[in-house]
Amino acid sequence: MKRVVVPGEMLCVEEEFIPFEGVYTLNGVIRANVIGIPIYDTVNRRIYIKPIKNPKKPKSGDIVIGVIDRIRDEMATIKIIGYDIITPFKHIFTGILHISQLMESRVQNLHDYIKLGDFVKVRILNNYIPYITSMKDPKLGVILAYCSKCGSQLIKIGDTLKCTKCNNIESRKISVDYMLIKGK
Ligand SMILES: [Zn+2]
């Protein structure tokens, strides 16, 4: 019965449970924010995630996976989860992505390249918290994203992302390691 969920995964809708720990709400849908086991607490009508633990800690040069947590004009914060989906860190670490570290060419607006809740692969540039991160590499960037209109998964088609449900087209700084590619 115990299944493991990954950040961004849909758990239920707002009407069913009250979001508690390790979850967030987007367009009325409650999603996991951490890797772990979802607990549907029917007594208190709460939903939360019991995280899976791993004692490692990222260091400079490491490539890690995280979720976009907050986006401001020139900076985004990332919840760093682990080296991959299978082996998450014991704790969620805070990472910072400055607009200058997005790609080699200069960009104007972070919102055109990443969105809240996106699953990203980044390189760590320092050895302390908050971790400074970079996306300047073809394999770095968004590896899984969800439709801003309906919340379904986006599939990579060429250089863009298309919603599997409503056909909405979105753009991101897409990693070559994007998880859903048309035809695969
Ligand atoms: Zn959609």
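Just follow the structure's listing: the first ligand is 1, and inside any ligand the first atom is 1. These numbers come from the heavy atoms of this one structure, side chains and all, not from hydrogens, waters or symmetry mates. Numbering of residues begins at 1 and proceeds along the displayed sequence.
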Just checking Asp73: does its CG atom have more than 12 heavy atoms from other residues, nucleotides or ligands closer to it than 6.0 angstrom?
no
Considering only NZ, NE, NH1 and NH2 on the basic side and carboxylate oxygens on the acidic side, decide whether Lys115 and Asp118 come within less than 4.0 Å.
no
Atom CG in Asp69, atom CG in Leu97: separation rounded to 0.5 Å?
12.5 Å
Which distance, rounded to the nearest 0.5 Å, do you find between the CE of Met10 and the OH of Tyr146?
7.5 Å
Can you count the protein N/O/S atoms lying under 2.8 Å from the Zn ion (ligand 1), leaving waters out?
4
Would you check, one step at a time, whether the test side chain to side chain donor-acceptor pair (under 3.5 Å) holds for Asp41 with Tyr48?
CA-CA 8 Å; Asp41 176 3; Tyr48 61 95; 5.5 Å; no
Which residues pass the side-chain hydrogen bond (donor to acceptor under 3.5 Å, both in side chains) test with Lys136, not counting sequence neighbours?
none
